[in-house]
Amino acid sequence: GVMKIFLEPMQRSKQLLIFGAGHVGSAIAGFAQTLNFKTVLIDERSDILNKVNMQSTYKIQLHHAEAFEVLNFDTDTYIVICTHLHEYDREILAYCLNQPNAYLGMIGSKRKVMVTRKRFMLQEITTKELLDKVDMPMGLDIGQNSPAEIALGIIAKIIAVSNGKEILTPFKI
């Protein structure tokens with residue numbers, strides 16, 4: 001007898017790690033829950049994390065350094081850094097620069113980005129080439145003002161990257 005077997009390749013699920021459950025982070029998680037991402041929201045602040053009420057979002061209440069020990073990074077991991085402290089953002093960025101990922105972005109003003117780049121280069125935390133791959137300030141500039149608009153610009157950029165669309169950003173320090 002002859003048997004035919006049809007194999008369909010399994011797609012790995014895309015993982016979205018959001019460091020920071022504040023207004024922007026929780027808004028990003030809200031958009032992501034309808035977009036086929038395994039969404040993980042990481043924040044050490046229980047009061048802020050408990051305000052997020054989304055069934056399809058995993059919540060990790062740990063300091064980011066402790067969260068690193070339980071998180072898995074691979075080439076289907078999209079990383080968003082938007083905590084409540086600039087220093088936390090920089091610590092997370094320094095760690096994530098050396099992890100496999102599909103996207104790595106950090107929220108911030110032009111000044112925050114400039115200071116971060118300068119500090120990372122002076123302290124030899126990473127190379128210019130690796131820093132140039134980080135989307136900072138992250139997201140598409142859609143003239144956003146509110147946390148929801150900022151989140152929309154960020155999730156739009158992540159979707160573009162996920163779909164293989166190259167988007168040139170006019171701002172690069």
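The backbone N or O of Lys165 sits nowhere less than 3.5 Å from a side-chain atom of Asn163 that would complete a donor-acceptor pair. Although no hydrogens or angles enter the test, the distance criterion places no donor-acceptor pair under 3.5 Å between the side chain of Glu66 and the main chain of Leu62. Put simply, the side chain of Glu149 gets close to the backbone of Ser146: a donor and an acceptor are under 3.5 Å apart.
Here the straight-line distance linking atom CG of Leu16 with atom CG of Asp76 works out to 12.5 Å at 0.5 Å rounding. In this structure, CE in Met138 is found 11.0 Å from CD1 in Ile79, a value given to the nearest 0.5 Å. Atoms CD1 and SG, on Ile150 and Cys82 in that order, are 10.0 Å from each other to the nearest 0.5 Å. Expressed to the nearest 0.5 Å, how far OG1 of Thr77 lies from CD of Gln15 amounts to 4.5 Å. Remark: Ile18 CD1 to Tyr58 OH distance equals 13.5 Å, nearest 0.5 Å. In this structure, Lys38 NZ and Leu17 CG are separated by 8.0 Å, a value rounded to the nearest 0.5 Å.
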Self-check item: Stepwise side-chain contact (heavy atoms from CB on, under 4.5 Å) test for Ile154 and Asp135
Solution: CA-CA 10 Å; Ile154 292 167; Asp135 187 25; over 6 Å; no

Quiz item: For Lys51 and Ser26, what are the C-alpha separation, side-chain angles and deciding distance, and is it a side-chain hydrogen bond (donor to acceptor under 3.5 Å, both in side chains)?
Solution: CA-CA 9 Å; Lys51 288 180 183 177; Ser26 61; over 6 Å; no

Exercise. Quick one: do Phe19 and Leu41 satisfy side-chain contact (heavy atoms from CB on, under 4.5 Å)? Show the steps, please.
Key: CA-CA 6 Å; Phe19 288 92; Leu41 195 54; over 6 Å; no

Practice problem: Mind running side-chain contact (heavy atoms from CB on, under 4.5 Å) on Lys112 and Asp89 for me, showing each step along the way? | Solution: CA-CA 10 Å; Lys112 176 183 171 183; Asp89 288 352; 2.4 Å; yes

Practice problem: Tell me, with the steps shown, if Asn101 and Phe73 meet side-chain contact (heavy atoms from CB on, under 4.5 Å). | Solution: CA-CA 7 Å; Asn101 65 74; Phe73 296 83; 5.7 Å; no

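Counting heavy atoms from C-beta outward, Leu71 and Val40 have side chains that approach closer than 4.5 Å. Side chains of Leu35 and Ile159 form a contact here, defined as non-hydrogen atoms less than 4.5 Å apart. At least one side-chain heavy atom of Leu93 sits under 4.5 Å from a side-chain heavy atom of Val134.
Residues Ala27 and Ala148 share a closest heavy-atom pair of CB-CA, 4.3 Å. Scanning all heavy atoms of the two residues, the minimum distance from Ser162 to Lys14 falls at OG-NZ, 3.1 Å. What you find for Ala21 and Val52 is that their closest heavy atoms are O-CG2, 4.2 Å. Taking both residues in full, the closest heavy atoms of Leu104 and Cys96 are given as CD1-CB, 3.8 Å, listed atom of the first, atom of the second, then distance. Nearest heavy atoms, Leu152 versus Phe31: N-CE1, 3.6 Å. Shortest non-hydrogen contact noted between Phe68 and Ile92 is CZ-CA, 3.9 Å.
Hydrophobic clustering, with ILVMFWY side chains joined whenever heavy atoms are under 4.5 angstrom apart, keeps Val115 apart from Met136. Using a 4.5 Å cut-off between side-chain heavy atoms of Ile, Leu, Val, Met, Phe, Trp and Tyr, with links allowed through other members, Ile28 and Val161 fall into the same hydrophobic cluster. A continuous path of ILVMFWY side-chain contacts below 4.5 Å connects Leu130 to Ile81, so both sit in one hydrophobic cluster.
A salt bridge links Asp132 to Lys128: at least one charged side-chain nitrogen sits closer than 4.0 Å to a carboxylate oxygen. Note on Asp43 versus Arg45: salt bridge recorded, some NZ/NE/NH1/NH2 to OD/OE distance being below 4.0 Å. Ion pair Arg119/Glu87 flagged as a salt bridge, since at least one NZ, NE, NH1 or NH2 atom sits closer than 4.0 Å to an Asp/Glu carboxylate oxygen.
Within 6.0 Å of the CG atom in Asp47, the count of heavy atoms belonging to other residues, nucleotides or ligands exceeds 12.
Under the side-chain contact (heavy atoms from CB on, under 4.5 Å) criterion, Tyr88 pairs with Glu44, His63, His64, Thr83, His84, Leu85, Glu91, not counting sequence neighbours.
For the pair Lys157 and Tyr103, the cation-pi test (distance below 6.0 Å, angle within 45°) is failed.
The side-chain contact (heavy atoms from CB on, under 4.5 Å) with Glu129 is formed by just one residue from the set Thr127, Leu131, Thr126; it is Thr127.
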